[in-house]
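To find a chain, count down the sequence lines: A is the first, B the second, and so on, and within it residues start at 1.
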Amino acid sequence: MQKNKNNFFEQVYEVVRKIPEGKVMTYGQIAEKVGTKDARKVGWALHANPDGSDVPCHRVVNKNGRLAPGYAFGGPDEQKNRLITEGIPFSTKDKVDLKRCSYEI
DNA sequence: CTCTTGACCATGT
DNA sequence: AACATGGCCAAGA
């Protein structure tokens, strides 16, 4: 067993990994779930996260339903495309319909 | 240890 | 709606 020096990462990854298909989670929500109030840490954790692994970062959006333009893995188009492919409803062209896909804890 | 940056959030103008 | 500021917290240089 390894020492969870990055327990925060582990928790974030775990939560994000558990997001079902067709649902998205906000940074603030994940932040609370991992026991913090700072959504920034969540965003930082995902950025420091080994993308392409088991963490579907594209299912993680901010509170405004906004994605991460320019800082995502391949661009907002890619993320949007993925979300649509996963079956995520969109409220607008660049925003996710949190009313329909908010995954509650 | 100090300073800067950051995939956020809330409020004010 | 867009821009600016403050807050919180952790990592990188």
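Residue A:K63 places its side chain closer to B:dA10 than to any other of B:dC8, B:dA10, C:dA10. For A:R40, whose side chain is taken as the heavy atoms from C-beta onward, the closest listed nucleotide among C:dC9, B:dC9, C:dA10 is C:dC9. In the set B:dA7, C:dA10, B:dC8, B:dC8 carries the atom at the smallest distance from any side-chain atom of A:N62. The nucleotide whose nearest atom lies closest to any side-chain atom of A:A39 is, among B:dA7, C:dC9, B:dC8, B:dC8.
The separation between A:R66 atom CZ and B:dC9 atom C1' is 15 Å, rounded to whole Å. Atom pair A:D94:CG and B:dA7:C1' shows a separation of 15 Å (rounding to whole Å applied). In this structure, the CE atom of A:M25 is 17 Å from the C1' atom of B:dC9, given to the nearest Å.
Sequence order on DNA chain B of the closest nucleotides to A:K41 and A:G28 puts A:K41 first from the 5' end.
Looking at A:E86 and A:R59, a side-chain N of the basic residue comes within less than 4.0 Å of a carboxylate O on the acidic one, giving a salt bridge. Taking the charged nitrogens against the carboxylate oxygens, A:R100 and A:D97 do have a contact shorter than 4.0 Å, which makes a salt bridge.
The cationic atom of A:K41 (NZ for Lys, CZ for Arg) lies less than 6.0 Å from the six-membered ring centre of A:F8 and within 45° of the ring axis.
Counted by atom type alone, A:K63 and A:T26 present zero donor-acceptor pairs between their side chains at under 3.5 Å.
Residue A:D38 is in base contact, counting any heavy-atom pair closer than 4.0 Å across all strands shown.
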